[in-house]
Amino acid sequence: MEIIKDINGIREKINEARKAGKRIGFVPTMGYLHQGHLSLVEIAKKETDYQVMSIFVNKMQFNDKNDYKNYPREYERDFAMAEKAGVDLMFTPDDEIMYINPLTYVDMDSLTEHLCGAHREGHFRGVFTVVSKLFNIVQPDVSVFGQKDIQQAIGIEKMVFDLNFPVKIIIAPIMREKEGLAMSSRNKHLSEEQIADALYIYKSLQKAEVMIESGETESGKITFAMRKKIQQGKPDRIDYVSVVDYKTLQPVRKIGEKNVIAVAAYFGTTRLIDNMIVEKKEKGYLCTY
Ligand code: PAF
């Protein structure tokens, strides 16, 4: 695996791969890799021949200075994991390379009004701006994002559509720890006790699934029961428990054709998110989480 910091170097390598007839897969990350990231590479490998990963802790998307400062960074460990997973080229730019007095940003309207968009000011502008830049630098054929950050993934699909990026976006299933906690680089900040408490987020999704399977469709009733379940884990704060339409990410009063049920809660100072996609099928609903 080659590790390159500068944009011209990356472009040269990718041009070479393209000239050799290879299709380019791309997994952008902020590092501190876990099995979830590696599963994105696995999926990219199924559709492409040359795997590019980026590690860039993107200051622009952090609304909380401490979260940025404390974001775990362990590059050597990440490089070893990425290489083992089959990444061919690693892009590790720094702030000075990515942002030279920028005056241009990618923003999105209604899709970022609710869920994390309502609680993390400027976050999605930072995400969409950096992902646009990375797409322009790497010019991948396929790029894979995790369902865990569902608002980000759906937003990137919409951005690619709106701005005509020639890239196929794949949304990959959530990877979970044994007991069910969604994998996240931020889990590193949790104590043993907080990990046990945070499991109530997963349990709240299970609760929602049971309710939906037994015919409940009212968002209010589902989110009320979920909140009660999460409270059992003594979160320091619940940002939201919300049922939204899959396409618009606007809140809905009743479960419909395709929805997202999403949660964000703090355990200590660590903010965790999780979600479930609910799709109407011929008989009942399919819940994917
Ligand atoms: O999901 C992430 O890790 C980040 O938001 C991303 C997509 C790499 C952009 O910085």
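Quick note: numbers below take in every heavy atom, side chains included, and nothing from hydrogens, waters or symmetry partners.
Within the structure, side chain to side chain donor-acceptor pair (under 3.5 Å) contacts touching residues 165-182 (residues at least two apart or in different chains) are E47-K168, R176-D274. Counting only residues at least two apart or in different chains, salt bridge (Lys or Arg N to Asp or Glu O under 4.0 Å) contacts with residues 185-205 comprise D67-R186, D197-K234. Residue pairs that meet the ring pair (Phe, Tyr, Trp, His ring centres under 6.0 Å) test with at least one member in residues 127-177, sequence neighbours left out, are F124-F128, F135-F165.
Checked by atom type and distance alone, the side chain of E42 never pairs as donor or acceptor with a backbone atom of S39 at under 3.5 Å. Judged by distance alone, the side chain of D141 and the main-chain N or O of V167 form no donor-acceptor pair under 3.5 Å. Not a single donor-acceptor pair under 3.5 Å links the side chain of T129 to the backbone N or O of Y105. In this structure, D107 contributes its side chain and R125 its backbone to no donor-acceptor pair below 3.5 Å. With hydrogens and angles ignored, the 3.5 Å screen pairs a side-chain donor or acceptor of H119 with a backbone N or O of D239. At least one donor-acceptor pair closer than 3.5 Å links the side chain of N187 to the backbone N or O of A182. Judged by distance alone, the side chain of T29 and the main-chain N or O of S54 form a donor-acceptor pair under 3.5 Å. T112 contributes a side-chain N or O that, together with a main-chain N or O of D109, makes up a donor-acceptor pair within less than 3.5 Å. No side-chain donor-acceptor contact under 3.5 Å links E74 to the backbone of E76. The backbone N or O of H123 sits nowhere less than 3.5 Å from a side-chain atom of Q61 that would complete a donor-acceptor pair.
Residues that satisfy the ring pair (Phe, Tyr, Trp, His ring centres under 6.0 Å) test with Y202, not counting sequence neighbours, are Y289. Every residue was checked against the salt bridge (Lys or Arg N to Asp or Glu O under 4.0 Å) condition with K229, not counting sequence neighbours, and none meets it. Residues forming a ring pair (Phe, Tyr, Trp, His ring centres under 6.0 Å) with Y32 (at least two apart in sequence, or on another chain): none.
Side-chain contact check for Q250 versus H114: some heavy-atom pair is nearer than 4.5 Å. In this structure the side chain of L249 reaches within 4.5 angstrom of the side chain of Q151, judged on heavy atoms. Side-chain contact between F26 and V142 is absent, with no heavy atoms from C-beta onward closer than 4.5 Å. When side chains are defined from C-beta on, M159 counts as touching V106, because their heavy atoms get closer than 4.5 Å. P251 places none of its side-chain heavy atoms less than 4.5 Å from the side chain of N259. Using a 4.5 Å cut-off on side-chain heavy atoms (C-beta onward), M53 and P28 make no contact. Within the 4.5 Å cutoff, side-chain heavy atoms of E157 are placed close to those of I171. In this structure, the side chains of L181 and L190 come closer than 4.5 Å at one or more pairs of heavy atoms.
One finds no salt bridge joining E16 and K19 here, because no Lys/Arg side-chain nitrogen approaches an Asp/Glu carboxylate oxygen to under 4.0 Å. A salt bridge between E2 and K13 is present, with a side-chain N of the basic residue lying under 4.0 Å from a carboxylate O of the acidic one. Salt-bridge annotation for D49 and R23: absent, with no side-chain N of the basic residue lying under 4.0 Å from a carboxylate O of the acidic one.
Other residues, nucleotides and ligands contribute over 12 non-hydrogen atoms within 6.0 Å of the NZ atom of K45. Annotation for F224: atom CZ does not count as buried by contact number, only 12 or fewer foreign heavy atoms lying within 6.0 Å.
Residue I238 is grouped with residue L199 when hydrophobic side chains (ILVMFWY) are merged at heavy-atom distances under 4.5 angstrom, including chains of intermediate members. Both Y285 and V252 are members of a single hydrophobic cluster when ILVMFWY side chains are connected at heavy-atom separations under 4.5 Å. In the hydrophobic cluster analysis, where Ile, Leu, Val, Met, Phe, Trp and Tyr join through side-chain heavy atoms closer than 4.5 angstrom, L33 is grouped together with V144. With hydrophobic clusters built from ILVMFWY side chains whose heavy atoms lie under 4.5 angstrom apart, V244 does not share a cluster with V241. Linking Ile, Leu, Val, Met, Phe, Trp and Tyr whenever their side-chain heavy atoms come within less than 4.5 Å puts Y68 and I55 in one cluster.
When only modelled atom types and interatomic distance are considered, N58 and Y71 share no side-chain donor-acceptor pair under 3.5 Å.
Taken from OG in S185 to CE in M30, the straight-line distance is 7.0 Å, to the nearest 0.5 Å. For the atom pair I24 CD1 and I14 CD1, the distance stands at 6.0 Å (nearest 0.5 Å). Here the CG atom belonging to L111 is positioned 7.5 Å from the OG1 atom belonging to T248, to the nearest 0.5 angstrom. Residue K133 holds its NZ atom at 11.0 Å from CD1 of I97, rounded to the nearest 0.5 Å. Taken to the nearest 0.5 Å, the NZ atom of K221 stands 8.0 Å off from the NZ atom of K254. Here the CD1 atom belonging to I10 is positioned 5.0 Å from the CD1 atom belonging to I4, to the nearest 0.5 angstrom.
In this structure, Q51 and G25 approach most closely via the heavy-atom pair OE1-CA, 3.5 Å. Between K207 and A225 the shortest heavy-atom distance is CE-CB, 4.1 Å. D245 and K258 make their closest contact through OD1-O, 3.7 Å (heavy atoms, listed as atom of the first residue, atom of the second, distance). When all heavy atoms of A85 and V41 are compared, the pair lying nearest together is O-CG1, 3.8 Å. Summarising the geometry of A264 relative to I273, their closest heavy-atom pair is CB-CG2, 3.7 Å, with the distance given to 0.1 Å.
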message: Does K22 form a side-chain contact (heavy atoms from CB on, under 4.5 Å) with T48? I'd like the steps, not just the answer.
response: CA-CA 7 Å; K22 293 182 176 167; T48 57; over 6 Å; no
task: In sequence, state the C-alpha distance, the side-chain angles, and the governing distance for F56 and M98, and then conclude on side-chain contact (heavy atoms from CB on, under 4.5 Å).
output: CA-CA 9 Å; F56 177 59; M98 287 300 275; 3.7 Å; yes
- request: Quick one: do M226 and I261 satisfy side-chain contact (heavy atoms from CB on, under 4.5 Å)? Show the steps, please.
  value: CA-CA 10 Å; M226 288 176 71; I261 302 184; 3.5 Å; yes
- request: Kindly indicate, with the supporting measurements, whether the criterion side-chain contact (heavy atoms from CB on, under 4.5 Å) is fulfilled by I195 and F267.
  value: CA-CA 9 Å; I195 289 176; F267 289 82; over 6 Å; no
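Figure legend: cation-pi geometry between R120 and Y240 absent, as NZ or CZ is not positioned both under 6.0 Å from the six-membered ring centre and within 45° of its axis.
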